[in-house]
Amino acid sequence: MRKMSWIGLTMAAAITAAAAGTVYAGTNGKRATGPALEAEKRNVPAGDGTGSAVESTGSGRQAGSIVTGQNAENRKDGYDYQTAVKPDDQAWADLQAAPAGGAKGQWGNYQPTPNAVPKGNDDEAKMHTYGAYSRSSDTESKVLYLTFDEGYENGYTPAILDTLAKHGIKTTFFCTGEFMQTQPELVRRMVNEGHIVGNHTWSHPHMNTITTHEAFWNQLKKNSDLFQEITGLEMPRYFRAPEGGYSDAIYAQAQAMGYKTIYWTVAYGDYDTKKQPDHASAMTTLNRRIHPGAVILLHAVSKTNTEILDELLTGWENQGYTFGTLDRLQ
C-alpha cells in the first residue's frame, strides 16, 4: 500500500508582522478621535467612504491612471481591470460583522497517488461558502490555474513574464507591499500583459498574529492602496494569506472585504533561495502532483522555477492541459 505523503508549505515570514495595536496619528500629527480615527484606521479620509486617492472617472477606471501600454491585443484574454469592487465603507461595515481571528494552521495537502486530486486540510465545500478555494470544483477538465507568490524581487520575474508571454498564459501574481514598493514597473508590466495582481498582504505577517479586524483591514487595504497608487486601478480582489494561514475567520474577513481567498493543491519546496531543488527533482515532483483543476503555487524568487518554466509549461500543454485565470475559478 502506498504511503500517503503530506504536501505542506512552511516559509518563515519575510517581513516583520505589523503590530495590531497601531496608534493612528490625526491631522497635523495630533491623535485622531471619533469618526476621524475610525476613518484613519481604515485609511479612508474622514467624510469620504471611497478611500480613493484619485478621482474616479465613473467607468471603474481611475482618473490619472499611470498604467501605460495596455494594448488590447495583449490583454484581450487577460483580467478585466474594470471589474467593480466593493466600496470601502461597505467593506468596513461588513468586516465588523465577520468573526475576527488569526490562522489556526498553515495550508497543506495530501495526495494518495500521483496526479490524484489532493485533499487539503480544510473542507473544500465549506471553504467555497466563504469564497475560499484551493482548487477548481471541476476536477475532470484539464484546466490549471497558475499562480506566483511575490514576497520580494530576486531578479527572476522579468524572465518569468517573458516565458508566460511566449506561451500566451495569463496568471496571478500575489504581491506584498515590499515587492510593489520596490518594483512598480514590474507591477505595471503584469497589468499591461493581462495578469491578475493579487493581495499577499502589506508586510507578510504570520497570520496567527493578525487577530483583530483593524489589523486584517490594514494588511489588505494598505497593499491595495499602493497598487492603486502605482497603476491607477483597483487591485483585483484575490487574497493569498502568507504561509497559507487558514481559518474560518480568515476566509470570512477576506470575504467581507470583497476578496476570494486562494490556496493551492500543487506546490513544493521552491522558496528557499539557498537550497534550490535541482531541475530533475523539481520536474518530477511537479509532474507527479499536477491534476485537473489544480491551483499551482510557485515562488518567483526561485532560480529553479525560472529555469524549468518553459519546459514545464510545454510538457503540461503537450498533456492537453490549458490554463485558466482566477476570475474563472469556481
Side-chain angles (χ1 to χ4, degrees), residues 3-13 17 94-95 97-140 143-149 172 174 198-201 204-213 215-216 219-220 237-271 285-286 288-299 324 326-330:
K3 184 178 180 181
M4 291 188 295
S5 60
W6 185 261
I7 305 170
L9 187 66
T10 303
M11 181 172 75
D94 290 347
L95 181 61
K104 69 178 183 180
Q106 294 178 323
W107 188 257
N109 303 278
Y110 71 82
Q111 189 176 39
T113 58
N115 306 116
V117 177
K119 180 175 174 56
N121 50 5
D122 206 352
D123 180 71
E124 191 79 18
K126 179 199 72 175
M127 291 167 63
H128 290 183
T129 67
Y130 293 102
Y133 298 82
S134 71
R135 57 171 171 79
S136 172
S137 299
D138 180 0
T139 55
E140 299 295 328
V143 180
L144 305 174
Y145 299 85
L146 182 61
T147 69
F148 290 86
D149 279 6
T172 299
F174 285 100
N199 199 325
H200 200 33
T201 71
H204 203 278
H206 293 288
M207 289 303 292
N208 60 1
T209 68
I210 306 301
T211 58
T212 67
H213 290 136
F216 193 90
Q219 283 292 332
L220 274 64
R237 283 347 192 213
Y238 299 94
F239 167 61
R240 175 167 286 154
E243 302 173 338
Y246 77 96
S247 68
D248 289 357
I250 287 176
Y251 312 151
Q253 289 176 100
Q255 184 180 49
M257 292 180 65
Y259 284 85
K260 289 185 175 180
T261 304
I262 308 298
Y263 294 93
W264 60 86
T265 52
V266 176
Y268 78 121
D270 61 348
Y271 47 81
T285 299
L286 289 168
R288 185 175 65 243
R289 293 182 180 175
I290 207 70
H291 65 88
V295 174
I296 303 161
L297 162 60
L298 299 177
H299 286 87
L326 294 184
D327 51 328
R328 297 180 175 89
L329 181 67
Q330 295 182 344

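Because the structure is a prediction, the values reported are computed rather than measured.
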Where is the tightest heavy-atom contact between [X] and [Y], given as atom of each residue plus distance?
| X | Y | answer |
| --- | --- | --- |
| Gly245 | Tyr263 | O-OH, 2.8 Å |
| His213 | Pro99 | NE2-C, 4.0 Å |
| Gly258 | Arg237 | O-CB, 3.0 Å |
| Phe239 | Tyr259 | CB-CD2, 3.8 Å |
| Ile250 | Phe216 | O-CZ, 4.0 Å |
| Tyr145 | Ser136 | CE1-CB, 3.8 Å |

[X] side chain to [Y] main-chain N or O, any donor-acceptor pair under 3.5 Å?
| X | Y | result |
| --- | --- | --- |
| Arg289 | Thr265 | no |
| Gln111 | Pro118 | no |
| Gln330 | Asp138 | no |
| Asp270 | Leu298 | no |
| Arg240 | Ile262 | yes |
| Asn109 | Trp264 | yes |
| Trp107 | Tyr246 | no |
| Asn115 | His291 | no |
| Gln255 | Thr129 | yes |
| Thr147 | Thr172 | no |

In Å and rounded to the nearest 0.5 Å, what is the [atom1] to [atom2] distance from [X] to [Y]?
| X | Y | atom1 | atom2 | value |
| --- | --- | --- | --- | --- |
| Tyr133 | His128 | OH | NE2 | 5.5 Å |
| Met207 | Gln253 | CE | CD | 7.5 Å |
| Ile210 | Ser247 | CD1 | OG | 11.5 Å |
| Phe174 | His299 | CZ | NE2 | 11.5 Å |
| Glu124 | Lys119 | CD | NZ | 9.5 Å |
| Thr201 | Glu243 | OG1 | CD | 9.5 Å |

message: Contact between Val117 and Arg135 at the side-chain level, heavy atoms closer than 4.5 Å - yes or no?
response: yes
query: If we only count heavy atoms from C-beta on, is the Pro292 to Glu140 side-chain gap below 4.5 Å?
result: no
- request: Evaluate the ring planes of Tyr251 and Tyr130, with Trp represented by its six-membered ring, and classify them as parallel (under 30°), tilted (30 to 60°) or perpendicular (over 60°).
  value: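 Geometry flag for Tyr130 against Tyr251: tilted rings.
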- request: Apply the test side chain to side chain contact (heavy atoms under 4.5 Å, CB included) to residues Asp248 and Lys126: give CA-CA distance (whole Å), side-chain angles for both, the deciding distance (0.1 Å), then the verdict.
  value: CA-CA 9 Å; Asp248 289 357; Lys126 179 199 72 175; 2.7 Å; yes
